[in-house]
Amino acid sequence: MLACVLIALAFISCDCGKNPAIQVILTNKGLQSGRHVAAGWIQEKLDHVTLPDISGEIRVGFLLHIGYKLTGITIIKSDFPEPSVEFYQGFSGLKTSIEGLNVALTGSWEAHCGFVHGGGSFDMALFGVDVVSIVQLGRDAGGRLSLTSVNCNAQLGDLNTHFYVNFQVNQDLTLDLPLIGPPVVSASSLQLGLKGQFYSVKCPKEPPFVAMPFATPEQPAYMLSVGLSDFTVNSASFSYFSADLLQAFINDSMIPPSSPVRLNTTSLGPFIPQLPKMFPDLLMTLQIYATNFPVFSFRSGAVVLSSSGAVKAFAIQRNATLTPLFKLHVVSARFFVAFTGIKVLLLKLATGFALPHTKHAQLVNPVLTVEEGFVAFNSDAMLLEDTIFN
Ligand SMILES: *[C@@H]1O[C@H](CO)[C@@H](O)[C@H](O)[C@H]1NC(C)=O
Ligand SMILES: *[C@@H]1O[C@H](CO)[C@@H](O)[C@H](O)[C@H]1NC(C)=O
Ligand SMILES: *[C@@H]1O[C@H](CO)[C@@H](O)[C@H](O)[C@H]1NC(C)=O
């Protein structure tokens, strides 16, 4: 869980001095679950690792210097005990301790002392090694999560990992997720505040509203909590509207065959007598579009949607040219959104960035509640070990 969240959130671009629209809280329960998965993964990887070469010099008395080099060091067997991990408030980070690590190594050695050279292979066994590592979490100038090793007596080589900049949600939208402030580490959780703003791919621009402050309650019984402000949903709505995507055409082919009224100028003649006179027996199409972006507001236990729209009618000429006929003016409405549908949508949205690799993780018992100005999403997760780190 931890690695999944950190990897997903690391290396994403910057935006500062604003309220986060998305808050992510990793609880101690989530951290402990990540520890278990990470231990299994490290154990498996250690068996295929070649360690970096080691070289140095030993001084014997004043005159004698023995230089040495160890190369091709390979782990042939390791016994990696499950580490303990805790939130480390003092350093705003994480403290990992491993006790009793046993490793068997093999490799080649060379040594030289003056003109004398020697070399060969070696086998080495290390028993009962204790490792303590403290990693400090921060936010770099680019709004990305940074990890700094404060104290570690073991070094890790390269980790081949994909870092996501922002998420291309679909062909029309991207979701921008830089950290708004540094990560906050308490004794019981890690909290991240993210920008959480959708942009249109075609015409990205800033909406005429800003994210309001809110506080996602910490729920220690769950591994992960995500708070999603209505700002995030409205930025999606604004982006769709700006890109002219909140519109639809209704054609005669979409009207049920059983309907006595057809979408053509003949059939609508009894209602609008001029139609068949000016445009005899032509098919028609209706364009329904938003005249402003729909605004969602989250209220305790409900979602209110305000929207306004219009309808334009066209005659379809025989050469397929559309001739405007009339326009039905603004339909303005406020809805209390029926809950199941929007709940499914919000759950999808929340899981989309909480666990960007949904194929690597499975949510267990997700719960969503609508609060004043935000939705709170709490869940446990089951990670699928093989795929997370690859
Ligand atoms: C309906 O007609 C319009 C105008 O001809 C066209 O652009 C649109 O693709 C049609 N939609 C469907 C679903 O057939
Ligand atoms: C228009 O609808 C009428 C039925 O109301 C139908 O008889 C006629 O063939 C339709 N015209 C076109 C162009 O589809
Ligand atoms: C299509 O037909 C209409 C009506 O007959 C005509 O006014 C228009 O110029 C035509 N357009 C094209 C591109 O041929």
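In this chain, numbering begins with 1 at the start of the sequence shown. Atoms within each ligand, like the ligands themselves, are counted from 1 in listed order. FYI, side chains are in, hydrogens and waters are out, and symmetry mates aren't considered; it's all heavy atoms of this structure.
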Testing the 3.5 Å rule here: is there a donor-acceptor pair between the side chains of [X] and [Y]?
X    : Y    : value
N251 : S253 : no
N292 : S308 : no
Q136 : Y88  : no

May I ask you to check if ligand 2 and N264 share an N or O to N or O distance below 3.5 Å?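 Checking ligand 2 against N264, an N or O pair does fall under 3.5 Å apart.
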
Do D281 and ligand 2 have an N or O pair less than 3.5 Å apart? yes

Report the nearest protein non-hydrogen atom to [atom]: residue, atom name, distance rounded to 0.1 Å.
atom                    : value
atom 1 (C) of ligand 3  : N319 ND2, 1.6 Å
atom 13 (C) of ligand 3 : T321 OG1, 4.1 Å
atom 4 (C) of ligand 2  : R262 CG, 3.8 Å
atom 5 (O) of ligand 3  : Q317 OE1, 4.3 Å

So the atoms of ligand 2 within less than 4.0 Å of a heavy atom of L283 turn out to be 14 (O)

Inter-residue atom distance I316.CD1 - T265.OG1, 0.5 Å rounding: 10.5 Å

Using the side chain to side chain donor-acceptor pair (under 3.5 Å) criterion, which residues pair with S229? Sequence neighbours excluded.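 S229: no side chain to side chain donor-acceptor pair (under 3.5 Å) contacts found.
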
Is there a protein heavy atom at a distance of less than 4.0 Å from atom 7 (O) of ligand 2? no

Side chain to side chain donor-acceptor pair (under 3.5 Å) evaluation trace for Q89 with S186: CA-CA 5 Å; Q89 212 171 347; S186 72; 5.7 Å; no

